[in-house]
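First the proteins, then the strands, lettered A, B, ... as listed; each starts at 1. Source: prediction; values computed, not measured.
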There are 2 protein chains.
Amino acid sequence: MPRRDELPLDRGQVIDLLQAHGILPTQQRVEIAQVLFARPQHLSADQVLAAVNRERHLVSKATVYNTLGLFARKGLVREVIVDPSRVFYDPNTEDHHHFYNVDTGTLEDIDPGALALGPLPPPPPGTVTEGVDVVIRVRRAEGG
Amino acid sequence: MPRRDELPLDRGQVIDLLQAHGILPTQQRVEIAQVLFARPQHLSADQVLAAVNRERHLVSKATVYNTLGLFARKGLVREVIVDPSRVFYDPNTEDHHHFYNVDTGTLEDIDPGALALGPLPPPPPGTVTEGVDVVIRVRRAEGG
DNA sequence: GTCAGTGCAAACCCTTTGCAGAAAG
DNA sequence: CTTTCTGCAAAGGGTTTGCACTGAC
């Protein structure tokens, strides 16, 4: 199984990765995965759609949405919720957090060593913790 | 100016609060604010709409959305983004964080003393930190 | 009387869905 | 061949907008 922390992944590695997650590597899914795993980045569904079809029309809008949802359910990518108007997809599924620039609508990883998150409080009764998301909202500095 | 940490606020306190934030206290805005400041809670726009119009139709959908957006811009309430399908509005604007139950779609405050967040990392060049949101996603415990 | 706020309905935008045709094994 | 996937277009649902009416001061 390919190293997830060394992007980009070539076509063969992407196919291995899909299979390792129990996903049938169809042509469209491989195209989409290649876009996502081209580099560490945070793309919205719309950006993925545009990137996949940059040169010629390879994948429909419905398939992009369905596939991103599938990848997220299978743990291949992580959904990042910071903007009510769109979901971002992150190829990095390791525990890490984000800066969110509210002016540009872009995400940036926080260096994992730079944010100390103490022990988590116990979850409410009858529930178990599934994950933690930390978002530091930033904006353009005045007089920049 | 009313104490924001002692809910509920009565009608007069709500009016003072709106004025203190530079918001003209019209009848509809006061109705909406009273719902929000009735208790510490996290309501979606739709829930606010339903609550305001529980007994009789007092406020339209457009006005609820416009007013919640206004309140958020003026710093009267805080928007909580945890679910791509809707925004939650929190009357507590103090620094605090949330549990998000992915099964029920409900939010719960984290006791401020229970979560130690170390010093924040410096924001990316050219930006300044605006705020931090920590969301602990929880789900129903197995075999509950 | 003037300006801001409100209500309705239509418009918007991202996302999901239904179903017929195409591809994978 | 059978099952799953894909594509198109239409539906969906939360949110925003245009514009005439109402209300605040």
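Checking C/dT6, C/dT15, D/dG14 against the side-chain heavy atoms of A/R86 singles out C/dT15 as nearest. When distances run from any side-chain atom of B/S60 to the nucleotides C/dG7, D/dG7, D/dT15, the shortest one goes to C/dG7.
Phosphate proximity of D/dT6 to A/T63: absent, as no side-chain N or O sits under 4.0 Å from OP1 or OP2. Close to C/dT6, at under 4.0 Å from its OP1 or OP2, lies no side-chain N or O of B/H57. In terms of phosphate contacts, A/R29 brings no side-chain nitrogen or oxygen within less than 4.0 Å of OP1 or OP2 of C/dA24. Applying the 4.0 Å criterion to OP1 and OP2 of D/dT15, one finds that B/Y65 has a side-chain N or O inside that range. Taking only side-chain nitrogens and oxygens, A/T26 comes nearer than 4.0 Å to OP1 or OP2 of D/dT6. For D/dG7, the OP1/OP2 oxygens have a side-chain nitrogen or oxygen of A/Q28 closer than 4.0 Å.
Note on B/N66: a base of the nucleic acid sits closer than 4.0 angstrom, heavy atoms only.
Computed from coordinates, the A/Q47 CD to C/dC14 P distance equals 11 Å when rounded to whole Å. Distance CD (B/Q19) to C1' (C/dA4): 15 Å, rounded to an integer number of Å. With rounding to whole Å, A/L24 atom CG is found 19 Å from C/dA22 atom P. If you measure from atom CD1 of B/I23 to atom P of C/dT6, you get 11 Å, rounded to the nearest angstrom. In this structure, the CG atom of A/L68 is 17 Å from the C1' atom of C/dT17, given to the nearest Å. Atoms CG (B/L49) and P (C/dC8) sit 11 Å apart, rounded to a whole Å. One atom, CG of A/L58, and another, C1' of C/dA22, lie 16 Å apart when rounded to the nearest Å. Atom CG in A/L70 sits roughly 13 Å away from atom P in D/dT4 (whole-Å rounding).
Put simply, the side chain of B/R137 never gets that close to the backbone of B/V102: no donor and acceptor are under 3.5 Å apart. Between the side chain of A/N53 and the main chain of A/L58, a donor-acceptor pair closer than 3.5 Å is present.
Just one of B/Q41, B/R78, B/H42 meets the side-chain hydrogen bond (donor to acceptor under 3.5 Å, both in side chains) condition when paired with B/D90; it is B/H42.
Using modelled atom types and a 3.5 Å distance limit, the side chains of B/D133 and B/H98 yield no donor-acceptor pair. With 3.5 Å as the limit, one finds a donor-acceptor pair spanning the side chains of B/S85 and B/D83.
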